[in-house]
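Contents: one structure, followed by commentary.
Indexing begins at 1, ligand by ligand and atom by atom, following the structure's order. The model shown is predicted, which means the values in this text are computed figures rather than measured ones.
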Amino acid sequence: MADSKRFDNYINGEWVAGSDYCANINPSELTDTIGNYAKADLAQVHAAIDAARAAFPAWSTSGIQARHDSLDKVGTEILARREELGTLLAREEGKTLPEAIGEVTRAGNIFKFFAGETLRLSGDYLPSVRPGVNVEVTREALGVVGLITPWNFPIAIPAWKIAPALAYGNCVVLKPADLVPGCAWALAEIISRAGFPAGVFNLVMGSGRVVGDALVQSPKVDGISFTGSVGVGRQIAVSCVSRQAKVQLEMGGKNPQIILDDADLKQAVELSVQSAFYSTGQRCTASSRFIVTAGIHDKFVEAVAERMKSIKVGHALKAGTDIGPVVSQAQLEQDMKYIDIGQSEGARLVSGGGLVTCDTEGYYLAPTLFADSEAAMRISREEIFGPVANVVRVADYEAALAMANDTEFGLSAGIATTSLKYANHFKRHSQAGMVMVNLPTAGVDYHVPFGGRKGSSYGSREQGRYAQEFYTVVKTAYVGS
Ligand SMILES: NC(=O)C1=CN([C@@H]2O[C@H](COP(=O)(O)OP(=O)(O)OC[C@H]3O[C@@H](n4cnc5c(N)ncnc54)[C@H](OP(=O)(O)O)[C@@H]3O)[C@@H](O)[C@H]2O)C=CC1
Ligand SMILES: O=C(O)CCC(=O)C(=O)O
């Protein structure tokens, strides 16, 4: 399956060779090279920014029908090619094929959603406090936006940044994660044929420290939307704020899943397994800490351990695989480090804890569960970003809520309960941006706001109509007679 295909950057409507190329390797099968993807040098990043700047005046004032049609065309093609693109995604990121096709479908739907949003742009028309004067409040495009995306959702996250950016009249420079350039390139190729003028959309691949940093530092970039780690996100925020660029960050989570005594045990086990282990735990919305009240604790741990026996770890493209490989050697080392930390902290290893041997050489890790852990342990407090979870026992709902909120993060949080009283209380008092009742902490819709509180997010929400907050600026016009 190895090939030597080369994939170039897309700048000002042209495919431009990189200064260097990076091999995109399949984490399910390390001998499978998906292709060689260009690395942009600094001159190319600046050329992409300049192209976007030059395209902005015309694009930001262009007709909404043309914008609608181009975005809709992108969505239609993504949906028509979902199996092929899903295969590429599973091959480069390691998500199972059904999960990957689901992500591609989400990306297609996002473009369709924002195609529709171009026709719903609205403002306010108000009487002024001064007689004979009227006030118009409208939204205009922000400008040139730099979009920096992570490896764990290689097509959906670029889609949910690119589609609103273009819908609201911005010009885009996309920098995808170096580990997974394939889906971003495929998306760029579709966009290149959808009727957008040259310079409106640009793709520059390469490392975050070079390409990403150049975007962040450029005074010609009006806003940065970033998804990734807390460390990088905070550096980006400091740089953007110091030059008064708009910034939006979506970062990590340590999402709690509460299980109360009155929960439906079977449902609680299933949603916990989904939250923690599916997508190899590589979702910022994954739950890696189960907070379980004393009356159900032992039954829950036993039932989750039993359920884990039937989870099939394997090649992402193989039928029957529940969990694909970890994305990279570095992420595998991080997961193994936390498994060691859990054991040295004194948590009890209930299931997993080691590598899995499959037919092909890849980064295969057994889903891992710890019990008898404490809230203060590092495995209870730090984001692992792999298929590793732990259980903490608490006395009652009040203790569970306090523990769930006792974290520097606040992305998503779940509760399993049959009590309306506790479900309602949790919805109101959870300090997370997204709250799930009797559902996994991971797995969200594409048409409603996405984002967290505290250390998980910064700036306005992504997705749905709320996305316009970041990609537009408000203008107030006073009109006399
Ligand atoms: N919330 C989420 O959705 C995600 C959270 N994470 C968290 O982040 C951890 C590490 O993952 P990782 O992919 O390394 O996340 P990073 O934050 O390193 O990467 C995210 C994006 O930022 C880019 N980048 C890296 N350094 C800079 C920089 N100095 N300036 C501008 N852009 C930069 C990366 O480029 P490149 O990769 O090419 O170097 C990538 O495109 C994970 O273990 C997890 O905890 C990771 C992915 C998604
Ligand atoms: O849970 C989801 O559906 C979205 C997760 C996500 O966006 C992420 O992990 O970055």
Side-chain angles (χ1 to χ4, degrees), residues 22 24 37 39-40 45 93 95 99 102-103 105-107 110 146-161 173-181 184 203-218 221 224-240 247 249-255 274-276 278-288 326-328 330-335 337-338 382-386 388 409 411-412 414 433-434 436 439-446 448-452 455-458 462-463:
C22 174
N24 186 4
Y37 288 79
K39 279 180 171 296
V45 181
E93 198 265 351
K95 215 164 259 186
E99 288 173 331
E103 183 185 333
T105 304
R106 187 195 291 198
I110 287 168
L147 309 180
I148 302 178
T149 56
W151 48 261
N152 66 330
F153 277 78
I155 195 162
I157 294 180
W160 82 51
K161 293 184 194 294
V173 182
L174 170 68
K175 206 288 304 168
D178 215 10
L179 211 48
V180 291
L203 169 75
V204 280
M205 298 175 284
S207 90
R209 273 196 301 272
V210 178
V211 178
D213 188 60
L215 280 177
V216 169
Q217 303 297 341
S218 171
V221 174
I224 295 284
S225 179
F226 166 88
T227 301
S229 61
V230 174
V232 173
R234 286 190 178 154
Q235 281 173 34
I236 288 176
V238 169
S239 302
C240 287
V247 63
L249 309 175
E250 204 283 290
M251 302 174 289
K254 189 69 188 174
N255 310 300
Q274 291 280 341
S275 296
Y278 278 67
S279 306
T280 324
Q282 296 176 154
R283 288 182 182 226
C284 57
T285 47
S287 174
S288 54
V326 170
V327 71
S328 65
Q331 188 60 46
L332 183 65
E333 283 166 14
Q334 171 159 312
D335 298 345
K337 182 186 88 178
Y338 276 101
E382 296 174 17
E383 185 180 47
I384 301 171
F385 225 63
V388 183
F409 297 108
L411 189 57
S412 74
M434 295 176 291
M436 314 291 186
L439 287 169
T441 55
V444 298
D445 287 359
Y446 63 86
V448 291
F450 177 89
S456 291
S457 301
Y458 182 76
E462 300 197 81
Q463 300 199 60

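Looking at Phe385 next to ligand 1, no N or O pair under 3.5 Å apart turns up. Where the criterion is an N or O separation shorter than 3.5 Å, residue side chain and backbone included, Asp178 meets it with respect to ligand 1. Inclusion of Thr227 in the set of residues having an N or O under 3.5 Å from an N or O of ligand 1 is not warranted. Checking only distances, Val216 never comes within under 3.5 Å of ligand 1, N or O to N or O.
Side chain to side chain, Lys254 and Ser288 meet the donor-acceptor criterion of an N or O pair below 3.5 Å.
Interface of Ile157 with ligand 2, defined as ligand atoms under 4.0 Å from a residue heavy atom, comprises 10 (O). Counting atoms of ligand 1 from 1 in the listed order, those under 4.0 Å from a heavy atom of Cys284 are 1 (N), 2 (C), 3 (O). Atoms of ligand 1 lying under 4.0 Å from at least one heavy atom of Thr149, given by number and element, are 21 (C), 40 (C), 41 (O). Close contacts of ligand 1 with Gln331, meaning ligand atoms under 4.0 Å from a residue heavy atom, involve 43 (O). Near Asn152, meaning under 4.0 Å from any of its heavy atoms, are these atoms of ligand 1: 3 (O), 47 (C), 48 (C). Within the listing of ligand 2, atoms 2 (C), 3 (O), 4 (C) sit less than 4.0 angstrom from a heavy atom of Arg106. Under a 4.0 Å criterion applied to the non-hydrogen atoms of Trp160, ligand 2 contributes the atoms 7 (O).
A donor-acceptor pair is defined here as one N or O able to donate and one able to accept, closer than 3.5 Å; such a pair exists between the side chain of Glu103 and the backbone of Ala156. Of the possible donor and acceptor atoms, one in the side chain of Asn255 sits under 3.5 Å from a partner among the backbone N and O of Ala286. Side-chain N or O atoms of Glu93 include none that pairs as donor or acceptor with a backbone N or O of Val327 at under 3.5 Å. The main-chain N or O of Thr149 is never found under 3.5 Å from a side-chain atom of Thr227 such that the two would form a donor-acceptor pair. Counting only distance, with no hydrogens or angles, the side chain of Ser275 and the backbone of Thr441 share a donor-acceptor pair below 3.5 Å.
Residue-ligand proximity: Tyr446 is placed with every non-hydrogen atom at 4.0 Å or more from ligand 2. Contact analysis puts Val444 in contact with ligand 2, with a non-hydrogen atom separation below 4.0 angstrom.
Scanning all protein heavy atoms for the shortest distance to atom 12 (P) of ligand 1 gives Trp151 NE1, 3.6 Å.
Counting heavy atoms under 4.0 Å from ligand 2, residue Thr227 does not touch it at all.
Cation-pi check for Lys95 over Phe153 is met; the charged atom lies under 6.0 angstrom from the ring centroid and within 45 degrees of its normal.
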